[in-house]
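The next block holds one structure in the form of structure tokens; read it before the comments.
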Amino acid sequence: MKGRIRHATPNITQEDIARVVEVLSLGQLTSNSEVSEFEREVADYIGQDGGISTNSGNNALYLALLSLGSDNKDEVIIPSFVCIALLRCILQSGLKPRLVDINENGYNISLDKIKENTTRKTKAIIAPHMFGDPIENIEDIVNLGMPVIEDCALSIGAAIDGKKVGSFSELSIFSFYATKVLTTGHGGMVLSSSEELLKKLRDFMRYDNREEYGISFNFRLTDFQAALGRSQLLRLDDFIKKRREIAEKYDDALKGKDGVRIPYRPKGSIYYRYIIELSDVDKFIEEMSNANISCKKPVFKPLHHYQELKVKYPELDLDKKRFPNTERAFRHSVSIPIYPSISDEGVKYVIEKVLSIPL
Ligand SMILES: *Cc1c(COP(=O)(O)O)cnc(C)c1O
């Protein structure tokens, strides 16, 4: 193999480039028809009523939290096994995180742990569909009756019995960052089934030419980014098909390997990450790197490991014993390269290397 096999990489074609150039050539740069078409198309693809695009997934989540308004409830339930972005959004919104464990199988938030951690103070639940895997009991989570924000940043197109994630709750968010499944460079979106919330979200984004002085944010997506997103959306189902094909190859090749455990992945996963579990992750990453293959821990550090959080909220129970499944996932899981543009030869090479490392 020549060159390094990257861990993740965007998929940009000549058609994508032509579409962006076409929109740029029109001199149409900000928040015109491309942006509203993109919002319409993503909402239709997911099966949700409407959407508001933003310049990042982070800001989409931040606005979604703000749209829930102020009351005397201030706790937001989130899993500990997730990227820091979620925690930052909660803290920036003036809310307090309540961390819970994931399921014993797979990497998604545990319904039982949500129930145990629900209090009079619970304002919302953020339910991230992790690594491409739909939360199979998302309906039960929604039926608890509290506001749920589905975080679909890693799972656009994942579905449960044909119904796409992001369409189960009143609010869902997406990210179109460079290495996510579908990209606009940077970008994000909030989808909602509520006219009222959509109106509020749209209002948050209006900062110019208004009489009253409300809160507003300059978080917009540009038209040429939306053009890239629309062009990518045409290939999203192909991206997903390709990801599933690669995952199947990895499954078949690695399932018999001593020292490797293939974790449970729900049906309907789009395999944003392909994860294996083994005893010494750091050593594995190093040996793969020596073979010119980039692998990563799927989560840099679980949220309950952040000491700053303990300092800010001394009353939070961040004891490791509360998070046995997160601890297991953090210590033993590693993600190997998977993306539509990886070549068959690349996949073969990755398999060969994993099989050759004594584990
Ligand atoms: C990437 C990501 C975000 C934030 O998206 P950005 O576009 O990078 O701001 C939020 N939630 C999850 C689960 C993510 O993976």
Side-chain angles (χ1 to χ4, degrees), residues 7-10 35 38-39 42 46 51-67 76-93 95 97 99-100 102 106-109 124-135 138 141 148-158 165-166 168-169 171-191 201 205 217-222 225-226 228-229 232 243 269-275 296-303 306 326 329-330 333 335 338-339:
H7 181 246
T9 192
V35 165
F38 183 46
E39 290 168 348
V42 172
I46 298 298
I52 309 289
S53 57
T54 56
N55 56 1
S56 74
N58 223 316
N59 285 339
L61 182 57
Y62 179 53
L63 291 185
L65 281 170
L66 288 185
S67 76
V76 178
I77 295 178
I78 45 164
S80 179
F81 196 58
V82 78
C83 69
I84 186 89
L86 281 78
L87 182 62
R88 290 222 193 90
C89 282
I90 292 171
L91 297 177
Q92 277 162 21
S93 315
L95 298 164
L99 309 183
V100 302
I102 54 173
Y107 303 105
N108 280 330
I109 192 167
I125 300 160
I126 300 177
H129 300 276
M130 293 304 288
F131 312 133
D133 296 354
I135 298 169
I138 185 70
I141 295 175
V148 174
I149 301 172
E150 282 178 82
D151 182 338
C152 308
L154 303 177
S155 298
I156 187 169
V165 302
F168 288 91
S169 61
L171 281 165
S172 56
I173 69 107
F174 296 80
S175 164
F176 309 122
Y177 176 65
T179 55
K180 300 282 161 100
V181 176
L182 181 155
T183 188
T184 59
H186 275 294
M189 200 175 289
V190 189
L191 296 185
L201 288 161
M205 302 279 277
F217 302 93
N218 195 356
F219 283 169
R220 290 186 199 172
L221 197 68
T222 65
Q225 287 177 298
L228 176 57
Q232 292 252 308
R243 284 175 174 278
S269 177
I270 61 160
Y271 285 93
Y272 173 67
R273 294 286 188 234
Y274 188 87
I275 297 168
K296 274 193 179 170
K297 291 184 179 184
V299 167
F300 174 67
K301 187 161 105 165
L303 301 183
Y306 284 88
T326 300
F330 174 58
S333 61
S335 108
I338 187 167
Y339 40 88

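Ligands are counted one by one from 1 in listed order, and the atoms in each one are counted from 1 as well.
Aromatic pair Y177/H186: ring centres closer than 6.0 Å.
Taking the ring pair (Phe, Tyr, Trp, His ring centres under 6.0 Å) definition, one finds that Y274 meets it with Y250, sequence neighbours left out. Residues satisfying the ring pair (Phe, Tyr, Trp, His ring centres under 6.0 Å) test with F217, not counting sequence neighbours, are Y62, F219. Listed by chain and residue number, nothing satisfies the ring pair (Phe, Tyr, Trp, His ring centres under 6.0 Å) test with F168 (two or more places apart in sequence, or in another chain).
Y306 carries K301 over the face of its six-membered ring, with the cationic atom under 6.0 Å from the centre and within 45° of the normal.
Ring orientation note: the planes of F131 and Y107 are nearly perpendicular, at an angle over 60° on the 30°/60° scale.
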Ligand 1 N/O to protein N/O, distances under 3.5 Å:
unit_1: ligand 1; atom_1: 5 (O); unit_2: S175; atom_2: OG; d: 3.3
unit_1: ligand 1; atom_1: 7 (O); unit_2: G57; atom_2: N; d: 2.7
unit_1: ligand 1; atom_1: 7 (O); unit_2: S175; atom_2: OG; d: 2.7
unit_1: ligand 1; atom_1: 9 (O); unit_2: G57; atom_2: N; d: 3.3
unit_1: ligand 1; atom_1: 9 (O); unit_2: N58; atom_2: N; d: 2.8
unit_1: ligand 1; atom_1: 11 (N); unit_2: D151; atom_2: OD1; d: 3.4
unit_1: ligand 1; atom_1: 11 (N); unit_2: D151; atom_2: OD2; d: 2.7
unit_1: ligand 1; atom_1: 15 (O); unit_2: K180; atom_2: NZ; d: 3.0

